[in-house]
Number of protein chains: 2
Amino acid sequence: MARPRTFDEGIALDTAMRLFWRKGYEATSTRDLCETLGLDRSSVYNAFNSKHELFKRALTHYIETTTAAATEILDDHTRSPADRIRALFGRIIADEWANRHEDRNQGCLTVNTTVELAGRDPEIAALLDRDLRHRLSALQVVIGAGRAAGDITSRRDPADLARYVNSVIAGIRVAARGGAGRADLEAVAETAMDALTR
Amino acid sequence: MARPRTFDEGIALDTAMRLFWRKGYEATSTRDLCETLGLDRSSVYNAFNSKHELFKRALTHYIETTTAAATEILDDHTRSPADRIRALFGRIIADEWANRHEDRNQGCLTVNTTVELAGRDPEIAALLDRDLRHRLSALQVVIGAGRAAGDITSRRDPADLARYVNSVIAGIRVAARGGAGRADLEAVAETAMDALTR
DNA sequence: ACCGTTCTACACCGCTCGATGCAAAACCTG
DNA sequence: CAGGTTTTGCATCGAGCGGTGTAGAACGGT
């Protein structure tokens, strides 16, 4: 019926996501994006309407991917609950190294965006907030199970412990983006577990 | 000998710091700065040379202020070492609420800048790295003292524990900027202490 | 083979960016 | 009060920004 696309929208979205992830929203120009995607500006605007909408889709794509990976680990009933939290830390640290760019870790697009945009972009803030609630409730479920199973011995409210784990993850992400070494991040994660299994 | 300034450079620097803190480097234009400072652009450029140099000075000013406040707490020998770490968390959380803007926490300029610029601005990265080392060594000293005094019972390497505390602080800062409530942050801080006093 | 529709390439829009030039104003020194 | 120096106000610069208009190329349906 009409001329088909010469590019895969999903691949373009993933590539755009990685550029936003690395450079941030403001520092990524639409021309940067087009060059990286290998597409003309009119193609990008035709497919994604605006830089802001492209970013929203890229962030959503990141959240979906990250949530899927986290869910796979947190729902793995072959592991004990505490081990699942440990494995989540391990996966996050491994991903930092898998996604390095020019000897530098990228951190996490969610954390980066929270810092850069949450305070002045309500649409983005809403996306981030929804994702935060999902992560907190997923963590809380596992922590609750761990307390029932006895391998998470902290007597604190599981909601608080979930907040704590989530904050430590954010801290690890910031440290990674700040240039911390892998051993440093692993030590932070192991130490963080002590508060759950005390 | 010549016409004197009509403004206080220190106050201008502090005001600029607060604007960068709230909006980030890229999202703050030199025109924003001039309007907020109540100064003409030529005055700002005459005093600070460039946006980038102004930012470096603002960041340095922030680091000095923050370091002074943290040192005061961490060197307070009237408190036990563990209590000093606790007080540091408390101070950080209190400052988040003291510096709120339009019902939103600001986080920490150091964390925000690490996320936004550390990966692509070597000068800024060097400033942040130097500050990070100072903070880690200050924390490590207190943690070492706590272990000697017996109120920090974790057997982990004090350097790792210092990294851990610093990461938790970064995580709290991100959570604050993401809209977490005060009780949430306090729960994270209390939980984090459990890993030191287990 | 042609038509209708969509996509692509390229030029271009108005605007804002960081930064500068210049002349008038304001001060201190002598 | 005149001379020398710096600051200030305003205009302006080239570059890059996000976004658009348009003409023609590339397809699928008939």
Side-chain angles (χ1 to χ4, degrees), chain A residues 1-60 112-113 116-117 120-124 127, chain B residues 1-60 112-113 116-117 120-124 127:
Chain A
M1 187 115 64
R3 180 176 177 178
R5 293 247 165 95
T6 59
F7 65 96
D8 183 311
E9 192 172 304
I11 292 174
L13 186 61
D14 191 77
T15 307
M17 175 198 83
R18 288 171 194 282
L19 193 62
F20 280 129
W21 186 359
R22 174 151 51 88
K23 300 186 51 167
Y25 178 74
E26 297 288 352
T28 302
S29 75
T30 56
R31 283 157 178 91
D32 285 340
L33 282 163
C34 291
E35 195 173 343
T36 303
L37 302 185
L39 298 177
D40 189 85
R41 297 165 52 67
S42 54
S43 295
V44 170
Y45 274 89
N46 180 46
F48 300 106
N49 296 321
S50 72
K51 180 185 176 184
H52 193 259
E53 279 195 35
L54 173 54
F55 183 79
K56 280 193 292 184
R57 287 194 55 185
L59 178 60
T60 301
N112 299 353
T113 304
E116 187 183 2
L117 296 176
R120 64 192 164 87
D121 189 324
E123 280 186 87
I124 300 294
L127 286 175
Chain B
M1 189 123 57
R3 180 174 179 179
R5 293 246 166 96
T6 60
F7 65 96
D8 183 312
E9 190 171 305
I11 292 175
L13 186 61
D14 190 76
T15 308
M17 176 198 82
R18 289 171 194 281
L19 194 61
F20 280 129
W21 186 1
R22 174 151 50 89
K23 301 186 50 167
Y25 178 74
E26 297 288 351
T28 302
S29 75
T30 56
R31 284 157 179 91
D32 285 339
L33 282 162
C34 291
E35 194 173 342
T36 303
L37 302 185
L39 299 176
D40 188 85
R41 299 165 51 66
S42 54
S43 296
V44 171
Y45 274 89
N46 180 49
F48 300 105
N49 296 322
S50 71
K51 180 186 177 184
H52 192 258
E53 279 195 35
L54 173 54
F55 183 79
K56 280 194 292 184
R57 288 193 55 184
L59 178 59
T60 301
N112 299 353
T113 305
E116 187 183 2
L117 296 176
R120 64 193 165 85
D121 189 323
E123 281 186 87
I124 300 295
L127 286 175

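All chains are named by letter (A, B, ...) in the order of the sequence lines, taking the proteins before the strands, and each is independently numbered beginning at 1. For the numbers below, each heavy atom of this structure counts, side chains included, while hydrogens, waters and symmetry mates do not.
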Using whole Å, report how far OH of B:Y45 lies from P of D:dG9. 17 Å
Here's a test of your reading of the structure: between A:N49 and B:S43, which maps to the more 5' nucleotide of DNA chain D? B:S43
Protein-nucleotide distance (B:E9, atom CD; D:dT6, atom P), rounded to Å: 15 Å
DNA chain D contacts among residues 29-37 of chain A, heavy-atom distance under 4.0 Å: A:S29, A:T30, A:R31
Could one point to a donor on the side chain of B:R41 or the base of C:dA19 with an acceptor on the other under 3.5 Å away? yes
What's A:F7 touching, base or sugar-phosphate or nothing? Going by heavy atoms closer than 4.0 Å. sugar-phosphate
With the side chain defined as heavy atoms from C-beta on, B:R5 is closest, among D:dT8, C:dT8, C:dG18, to D:dT8
Within a strict 4.5 Å, meaning less than it, do heavy atoms of the B:L59 and B:M17 side chains meet? no
Would you say B:T6 reaches D:dT7's phosphate, i.e. side-chain N/O to OP1/OP2 under 4.0 Å? no
Indicate yes or no: at least one non-hydrogen side-chain atom of A:H52 is less than 4.5 angstrom from one of A:D121. yes
Pair A:K23 + A:E116: basic N to acidic O under 4.0 Å: no
Atom CG of A:L39 and atom C1' of D:dG19: how far apart are they, to the nearest Å? 17 Å
If every non-hydrogen atom of A:L13 is compared with every non-hydrogen atom of A:A58, which pair is closest and at what distance? CD1-N, 3.7 Å
To the nearest angstrom, how far is A:E53 atom CD from D:dT20 atom C1'? 16 Å
Stepwise side chain to side chain contact (heavy atoms under 4.5 Å, CB included) test for A:R18 and A:T36: CA-CA 10 Å; A:R18 288 171 194 282; A:T36 303; over 6 Å; no
Rounding to an integer number of Å, can you tell me how far B:N46 CG sits from C:dA26 P? 17 Å
A:F55 CZ to D:dC17 P: how many Å, rounded? 17 Å
In terms of relative ring orientation, are A:F20 and A:Y25 parallel, tilted or perpendicular, with 30° and 60° separating the classes? parallel
To the nearest Å, give me how far apart NZ (B:K51) and P (C:dC17) are. 9 Å
Using a cut-off of under 3.5 Å, enumerate the N/O to N/O pairs linking the protein to nucleotides 24-27 of chain D.
residue, atom, partner, partner atom, Å
D:dA25, N3, A:R3, NH1, 2.8
D:dA26, O4', A:R3, NE, 3.3

Find the distance B:L54:CG to C:dA19:P and express it as a whole number of Å. 10 Å
Going by heavy atoms in the side chains, are A:V44 and A:L54 under 4.5 Å from each other? yes
State, yes or no, whether a side-chain contact exists between B:T15 and B:I11 at a heavy-atom distance under 4.5 Å. yes
Is B:S42 touching bases, backbone alone, or none of the nucleic acid, heavy atoms closer than 4.0 Å? base
Should A:R5 and A:E9 be marked as a salt bridge (Lys or Arg N to Asp or Glu O under 4.0 Å) after you check the CA-CA gap, both sets of side-chain angles, and the distance that decides it? CA-CA 8 Å; A:R5 293 247 165 95; A:E9 192 172 304; 2.6 Å; yes
